[in-house]
Amino acid sequence: MSSRPQEPDRAASEPVEPVPEGVVRPPRGDLPQPGPPPRPEAANDEPGPDAAGPTPAEDEYTTAIQELEDRWRRALADLDNLRKRHARELERERMVERSRTAAAFLPVLDNLELALTHAGADPGAIVEGVRAVRDQAVNVLELLGYPRHAETGVAFDPARHEVVGVVQDPDAPPGTVVEVLRPGYGDGERQLRPAGVTVAKRE
């Protein structure tokens, strides 16, 4: 029986490099093989700070801003309501004042109509009737705060008088009111109109 020739031991046939003294050679087959670097630990899989949600401080600031915006909107709404309410009250006051003024002149109109009714029966009485109505209207204006000014012989006052003409009157001192052509009503800031007058001039 023929025996199979044995293959030579490769490890024995390979040349053995000399090993310096003090160095231990690792066994063959146990050498570390080069490969990819180890995978990072699981801790590196955790999300970073940028991926995290808002911090409690950011939530507090956001809530504060929202509250300020709500207060601002409510303040604007309250201001608009106040403006509208003030406009309504002002218009109501104007209507009341106009009604009060018109009602004060109703008796004047009544007396005018009465004077016109009796003008045919007694034409001479119309003058007295119109004068009485005029005095009543003047009284109404005075009660409303607008007194009548039709004085002559007083010094010219630009705040109360408006020069309509200048005349030469030897009996009147220069700069005095000689004649009132259009009475004035009211004083100061409550003046309806100044009196239209003629003034004596210097010679």
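Note: hydrogens, waters and symmetry copies are ignored here, and every other heavy atom, side chains too, is used.
No side-chain heavy atom of Val178 sits less than 4.5 Å from a side-chain heavy atom of Val199. Side-chain contact check for Glu179 versus Val164: every heavy-atom pair is 4.5 Å or farther apart. Residues Phe105 and Pro107 have side chains not in contact (no heavy-atom distance under 4.5 Å, counting atoms from C-beta outward). Looking at heavy atoms from C-beta onward, Glu151 lies in side-chain contact with Val154 at the 4.5 angstrom threshold. In this structure the side chain of Phe156 reaches within 4.5 angstrom of the side chain of Val163, judged on heavy atoms. Between Asp187 and Pro147, the closest side-chain pair of non-hydrogen atoms falls below 4.5 Å. Taking the side chain as every heavy atom from C-beta outward, Val138 and Tyr185 approach each other to under 4.5 Å.
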**OP:** Could you go through the side chain to side chain contact (heavy atoms under 4.5 Å, CB included) check for Lys201 and Val167 one step at a time?
**Re:** CA-CA 6 Å; Lys201 68 177 181 179; Val167 297; over 6 Å; no
Subject >> Stepwise salt bridge (charged side-chain N to carboxylate O under 4.0 Å, His left out) test for Glu91 and Arg98 >> reply: CA-CA 11 Å; Glu91 182 61 26; Arg98 287 195 295 265; 3.6 Å; yes
Original post:
Would Glu162 and Arg182 satisfy salt bridge (charged side-chain N to carboxylate O under 4.0 Å, His left out), going step by step from the backbone distance to the final call?
Top reply: CA-CA 9 Å; Glu162 179 182 358; Arg182 186 187 61 219; 2.9 Å; yes
**OP:** For Arg100 and Leu144, run side chain to side chain contact (heavy atoms under 4.5 Å, CB included): C-alpha distance rounded to whole Å, both residues' side-chain angles, the deciding distance at 0.1 Å, then the answer.
**Re:** CA-CA 10 Å; Arg100 186 172 70 90; Leu144 292 175; 3.8 Å; yes
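Within a 6.0 Å radius of CD in Glu60, other residues, nucleotides and ligands contribute 12 heavy atoms or fewer. By the neighbour-count criterion of 12 heavy atoms within 6.0 Å, atom CZ of Arg71 is sparsely surrounded, having that number or fewer from other residues, nucleotides or ligands.
Closest non-hydrogen pair, Arg148 versus Pro183, comes out as NH2-CG, 3.2 Å. For the pair Ala200 and Ala172, the tightest heavy-atom approach, listed with the atom from each and the gap, is CB-CB, 4.0 Å.
Considering CD of Gln136 and CG of Leu109, their distance stands at 9.5 Å, rounded to 0.5 Å. The line from CG of Asn139 to CZ of Arg134 is 12.0 Å long, rounded to the nearest 0.5 Å. Residue Leu141 holds its CG atom at 9.5 Å from OG1 of Thr101, rounded to the nearest 0.5 Å.
Gln191 contributes a side-chain N or O that, together with a main-chain N or O of Ala159, makes up a donor-acceptor pair within less than 3.5 Å.
Val127 and Leu112 are not part of a single hydrophobic cluster, where members link through side-chain heavy atoms under 4.5 Å apart. In terms of hydrophobic clustering, with Ile, Leu, Val, Met, Phe, Trp and Tyr side chains grouped at heavy-atom distances under 4.5 Å, Val180 and Val166 are assigned to a common cluster.
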List the atom pairs, with distances to 0.1 Å, where a side-chain N or O of residues 78-87 and a protein N or O form a donor-acceptor pair under 3.5 Å, not counting sequence neighbours.
| unit_1 | atom_1 | unit_2 | atom_2 | d |
| --- | --- | --- | --- | --- |
| Asp80 | OD1 | Arg83 | NH2 | 2.8 |
| Asp80 | OD2 | Lys84 | NZ | 3.2 |
| Asn81 | ND2 | Ala77 | O | 3.2 |

